[in-house]
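Below is one structure, written out as structure tokens; comments come after it.
We name chains A, B, ... by the order of the sequence lines, and we start the count at 1 in each one.
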2 protein chains.
Amino acid sequence: MFSYKERFKYFLKERNLKYTPERKEIIEAIVKLQKHFDAEDIYQQLRRQESNVSLATVYRTIPLLVDSELIIETLHCRDKVLYERIYNKKHHDHLVCINCGRIIEFYNEEVEKLQDEICRKYQFLATEHRLGIKGYCKGCQDKLNIKINSAKEKK
Amino acid sequence: MFSYKERFKYFLKERNLKYTPERKEIIEAIVKLQKHFDAEDIYQQLRRQESNVSLATVYRTIPLLVDSELIIETLHCRDKVLYERIYNKKHHDHLVCINCGRIIEFYNEEVEKLQDEICRKYQFLATEHRLGIKGYCKGCQDKLNIKINSAKEKK
DNA sequence: ATATAATTGAGAATGATAATCAATTACACC
DNA sequence: GGTGTAATTGATTATCATTCTCAATTATAT
């Protein structure tokens, strides 16, 4: 199993692209980031590790990271695109609290199987799938005093 | 069962908001739009029906339409937010072709049940859920000569 | 070492959406 | 049916994430 850096290097070579110090530093930043992050988070992490890679380069590098399957676009949150690392990670889906922003990850084998079934039915070749459930986490339900079965009343 | 217009009127009254000619025209436009649409599509439809409602008002009205559960935000496509009507419509999910943009709608009872189960497990109160599968539709698979099991090679 | 295509940073451009504000208007109350 | 007031509107400007431009630089194949 290759490291993120090795995998990226290989991907770049495969496409006759260059492995630059900037790309190396971005990979190093990505690996340090936890959970979900956006372009600005990567940029901030670069600052933290004394790197001067520009935000433009961060934006330019993101599609390469996505294509090389090191990260994936997961959610849109407040007009921002959020990514997460996927290399050597198990696929999962998300529960997103619309009140506090908390993200709960889950994996359900049955859901995966059903998706395969659905794709077969429509002769669809899936490259990616995403199940996102939005609502209120337990904490916020209590805080807001929302009762089960009345989510629709609450805004 | 109320019409879109009646439902919206009622919603506005409930909140002490006004039922203006502009809002009436927007509702009329929404009802005429097929499938998925964005703010600009609503604006164009308004032009078609001789209405001069401004784009600003369209943007301002969208959250009201969402809150009143007449439309729902379905997908992000090329930096645009797409909506669709949901009042008196059955819930469904989407298969989105990343080559031609075609959207296939489907409904799967099992998936719905599993989602309820997952929410129960995490004590999560769902207000909305979305299952989006991206990939290649049959037509594009043929056109691009993509073989099943090699989606990952293709970009 | 050289050639060349890829890459970079800085800043300008884009484009969807949101905010501002003065003028207008719906509607609850009399 | 008038009145008062808070909501609404159009026009315009602002915002802000993301993309583009371009001249200068650099990685790498030969």
Side chain of [X] only, please: which of [options] is the nearest?
X	options	answer
A:Lys18	C:dA6, C:dG9, D:dT8	C:dA6
B:Arg60	C:dA10, C:dC27, D:dA11	D:dA11
A:Thr20	C:dA28, C:dC27, D:dA27	D:dA27
A:Val53	C:dA26, D:dA27, C:dG9	C:dG9
A:Ala56	C:dA28, C:dT25, C:dG11	C:dG11
A:Ala39	D:dA27, D:dT18, D:dT9	D:dT18

Hey, does [X] reach any base, or is it just sugar-phosphate, or nothing, if we go heavy atoms under 4.0 Å?
X	result
A:Asn52	sugar-phosphate
A:Pro21	sugar-phosphate
B:Arg23	sugar-phosphate

B:Val53 side chain near B:Tyr43 side chain, heavy-atom distance below 4.5 Å: no
side-chain contact (heavy atoms from CB on, under 4.5 Å) between B:Glu14 and B:Lys9, intermediate numbers included: CA-CA 9 Å; B:Glu14 218 179 25; B:Lys9 234 172 180 166; over 6 Å; no
Geometric class of the A:Tyr122/B:Phe106 ring pair [parallel <30°, tilted 30-60°, perpendicular >60°]: tilted
Parallel, tilted or perpendicular: rings of B:His92 and B:His94 (30°, 60°): perpendicular
Can you tell me how far [atom2] of [N] sits from [atom1] of [X], to the nearest Å?
X	N	atom1	atom2	result
A:Tyr59	C:dA12	OH	P	18 Å
A:Lys9	D:dT28	NZ	C1'	14 Å
B:Glu22	C:dT24	CD	P	14 Å
B:Lys24	C:dC27	NZ	P	13 Å
A:Phe11	C:dA6	CZ	P	14 Å
B:Tyr83	C:dT17	OH	C1'	9 Å
A:Ile62	D:dT18	CD1	C1'	9 Å
B:Asn16	C:dC27	CG	C1'	10 Å

Between the first and last five pairs of the helix from C:dA1-D:dT30 to C:dC30-D:dG1, the angle of the axes, rounded to 10 degrees: 40°
Comparing A:Tyr19 and A:Pro63 on DNA chain D - which has the more 5′ nearest nucleotide: A:Pro63
Axial cation check for A:Tyr107 ring with A:Lys90, 6.0 Å and 45° limits: yes
Same apolar cluster: B:Tyr10 and B:Leu64, side chain cutoff 4.5 Å: no
Check ion pair A:Lys113-A:Glu110 (N to O, under 4.0 angstrom): yes
A:Arg47 and A:Gln44: side chain donor to acceptor below 3.5 Å: no
